[in-house]
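See below for the structure under consideration.
What you see is a predicted model; the values in this text were computed from it and never measured. Here is the naming used below: chain letters follow the sequence lines, and residue numbers restart at 1 for every chain.
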There are 4 protein chains.
Amino acid sequence: MTASTPPGKTTRPRLRADAARNRAQVLAAARTAFRELGTAAPLDEIARRAGVNIATLYRRFPDRDALITQVVLDGFTVVLDAARTAAQTARTDPLGALETFILDLVANREMLVLPLIGGPVTNAPQARDLQRQIAAALEEVLSAAREHHAVRPDVTAVDLITTTALVCRPLPHLPQQQADALVTRHVGIFLDGLRPNTTRQLPTAPAHEEFAAHLTPDPPTDTPHTTPTNH
Amino acid sequence: MTASTPPGKTTRPRLRADAARNRAQVLAAARTAFRELGTAAPLDEIARRAGVNIATLYRRFPDRDALITQVVLDGFTVVLDAARTAAQTARTDPLGALETFILDLVANREMLVLPLIGGPVTNAPQARDLQRQIAAALEEVLSAAREHHAVRPDVTAVDLITTTALVCRPLPHLPQQQADALVTRHVGIFLDGLRPNTTRQLPTAPAHEEFAAHLTPDPPTDTPHTTPTNH
Amino acid sequence: MTASTPPGKTTRPRLRADAARNRAQVLAAARTAFRELGTAAPLDEIARRAGVNIATLYRRFPDRDALITQVVLDGFTVVLDAARTAAQTARTDPLGALETFILDLVANREMLVLPLIGGPVTNAPQARDLQRQIAAALEEVLSAAREHHAVRPDVTAVDLITTTALVCRPLPHLPQQQADALVTRHVGIFLDGLRPNTTRQLPTAPAHEEFAAHLTPDPPTDTPHTTPTNH
Amino acid sequence: MTASTPPGKTTRPRLRADAARNRAQVLAAARTAFRELGTAAPLDEIARRAGVNIATLYRRFPDRDALITQVVLDGFTVVLDAARTAAQTARTDPLGALETFILDLVANREMLVLPLIGGPVTNAPQARDLQRQIAAALEEVLSAAREHHAVRPDVTAVDLITTTALVCRPLPHLPQQQADALVTRHVGIFLDGLRPNTTRQLPTAPAHEEFAAHLTPDPPTDTPHTTPTNH
DNA sequence: GATGAATGAGTTTTCATTCAT
DNA sequence: AATGAATGAAAACTCATTCAT
């Protein structure tokens, strides 16, 4: 599955070549802008970065939410692809599969505008589906790993998703290279913490379904769209 | 050291009681708003939450940067306090000190608007000082822990700061309780990863001084202050 | 008559020494600010320049108009003093008196915030009185000069007032010394134009009373007080 | 040369017809407003008078300075046109050319938002160019006049510019007709003062280049743009 | 399908003015 | 009498969104 073939399923006639290019550029620009400035990033700034007119952006994405949704879905798709790949290798090398999964995402985190967890910043039902599939694939990997006694038994798919969400966010004021080193070290330590000979007990993990519930209706906050963000 | 006694050093007599109260309320409101909406949060929204007039906010903080800076410095101060406390217990129980340090910050992360790492979103030289002191205190804790063979030898103060920065950010769309559980689990696994019998090699850690260098001049970005954020 | 003994006639108890000093400083600051920034100059800027608190300014001058009025009246008083001095010398040396009158005002134009003509930016009846007295004194000077055949017969007191108004305004972006030279040269040529052997006929002069009529009620314009200005 | 073909040189294709009309209306409104209220005139008032939305004004002129600059440049262009016309007639009737130059500008002074002298209220290098060309053209007129012994030998182009600057400013509180009469009388007397049989010596004239120097760098005043004005 | 242009609705920022100390 | 502080109202400026070309 490739990220972002135009809309979703009910695909329309198919875009003219230049239109498709514009759409892709807008999404790329949005990805970057959202990571740098938050999802409240000015739309005309995104259009500018994409090298298209603001009205062109609007033609493709009727409103900010549509754009956010697509960017988030694209991010989820990337994660799902990685999770499925991991699931395939899991039989033979579950720990390696798991490590590759996380480290690859970290390495390509510029593509991700999440959090996977914390709910997408969208109501799209597709987001929910994607999350479920991601969790399922990761559960497969973990099952295999547990059988091989390659990981502690108490770790869950949700933990992996949490980790992805936490470590893939931008560290805005740090040069790329340093950010890479620091995040990779953190993940390295985390991965060592996954070994079976645990020393401590973790608090109870919320079941995936439990927090997945927060995805859908997402009480129509009036919050002007100044991005929910963090630091 | 208490967070945010008015400005800093070179300041006037002392605020009138009511003014000091207003100032504190503004800072508290800003902290929350920044975590929820990003540092681009509307200032009048912050004033509203603080129960003061927008002009009162401006009287205390001449522009958005001044407000952000103070909030960030307050966050750093909280971390420094925690680090110093940890340094004191480190002699007798280095690992416990270290765990308490991280877990306490996680538990009180509502106070933190960072990133500690990547530099504050400010040029304030005081931020640099605070970071140095934090790193120094944590290095003390780690020294003791290494002597006790309580932690892997390759972990550095910078790693601890990175961890704090990564895990203390908000997970906006998740209910507090779930977020707490997930983050605590992540930290728990990370702490297990700190044990001495390591299984993997970490990439080289940037020296603290190295990334600290990015704090001060902070290339005078013209970027209007639409927050660097993420999702 | 000295410019600006506190209010006007009904003078109160007399100001405390420090209060009187503050008042004078405010007026001086206002004079400068009005010349530099127009009569719309921020009042707190004026207070700042005067080295007093904004509330102190308000205690002396209940509103912007009160301040403007006093500044203008002070200017008129300076002109009246000069005109009376000229009237006294007029018997013996009418032309010299006239020249001295204009050149002295030009040299001290920092004191003047006019226009004498065009009406003051105030409704104060005292302004009208002052203008009348100025015109009367100048008429005396001109009478004497005409008798001596020292000036062309068609020049009037109003012309002299016009000249004062035109040449005493600030040339904001020019260094003082250059402005002085240029304005003095202009006035020099104008004075030469006053000689009796005229070469051209001037359009009819409005009688003094005619334009003086525009002074008093000055239909209460709502024009927010963004200064009437020029360039 | 026509005043204000869109921006300047390095600009885009050409404005759409309606956009060009809006732009012209904004400039006209700004001209009037600046003369009436000073260059600190509220921009929304200008937009209102121009019959366009404030954002439309901002679309054309990114900030107040841009608008002021264009208005000033337009004024300079008008003066330059007049000076060149005068230069053409100068051979045959230098004095007439000179008189016409000044009187025409006075008659059309509503178009002018200067001062020509004292530097424009702008840093634009084009302003400097225009001033140079104006001075050059006027010098031509004066040369011819001097050869004909039609003017005193000590008058310079700078004097003429000074005069224009002084007499073309608004006399805000005076009805148009009276202002016209008074200013014209003043100019008439000044013109008589230009005759060759001088009676007095003028102070040294600053060379044109000398004060022109004040135009460009224009010490980057931070002075928020509350207009330099006067009264 | 794409763009220049216009606009209404914010948001930020400044300022006059009043109040309590 | 003077000042620090607070506030409401205005003005500057930005942005999302729609329209006409």
If pairing requires Watson-Crick or G-U wobble contacts with both distances under 3.5 Å, which nucleotide is the partner of E:dT13? F:dA10

Tell me which nucleotide, if any, is Watson-Crick or G-U wobble paired with E:dT21 when both distances must be under 3.5 Å. F:dA2

Less than 4.0 angstrom between a side-chain N/O of [X] and OP1 or OP2 of [N], yes or no?
X	N	answer
D:Asn53	E:dG8	yes
A:Arg59	F:dT18	no
C:Asn22	F:dA1	no
A:Arg64	F:dA16	yes

Nucleotide [N], atom [atom2] - distance to [atom1] of [X] in whole Å:
X	N	atom1	atom2	result
B:Phe61	E:dT13	CZ	P	14 Å
A:Asp44	E:dA6	CG	C1'	14 Å
B:Arg21	F:dA6	CZ	C1'	12 Å
A:Ile68	F:dA16	CD1	P	11 Å
B:Leu67	E:dT12	CG	C1'	13 Å
A:Ile54	F:dT17	CD1	P	9 Å
A:Leu57	F:dC15	CG	P	15 Å
B:Ile46	E:dT12	CD1	C1'	12 Å

Both D:Ala55 and B:Ala19 contact DNA chain F. Taking the nearest nucleotide for each, which residue is further toward the 5' end? B:Ala19

The answer to which of A:Tyr58 and D:Glu45 contacts DNA chain F further toward the 5' end, by nearest nucleotide, is D:Glu45

Which pair of heavy atoms, one from D:Thr39 and one from D:Phe34, lies closest together, and at what distance?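 Minimum heavy-atom contact is CA-CD2, 3.6 Å.
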
At what distance, to the nearest 0.5 angstrom, does [atom1] of [X] lie from [atom2] of [Y]?
X	Y	atom1	atom2	answer
A:Arg59	A:Asn53	CZ	CG	11.5 Å
B:Glu45	B:Thr32	CD	OG1	10.5 Å
A:Arg49	A:Leu57	CZ	CG	13.0 Å

DNA chain E: 5'-proximal contact among D:Asp18 and B:Leu43 (nearest heavy atom):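 First, find each residue's nearest nucleotide; the 5'-ward one identifies D:Asp18.
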
With a 4.0 Å cut-off, would you call C:Arg31 and C:Glu36 a salt bridge?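 Result for this pair is no, no salt bridge flagged.
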
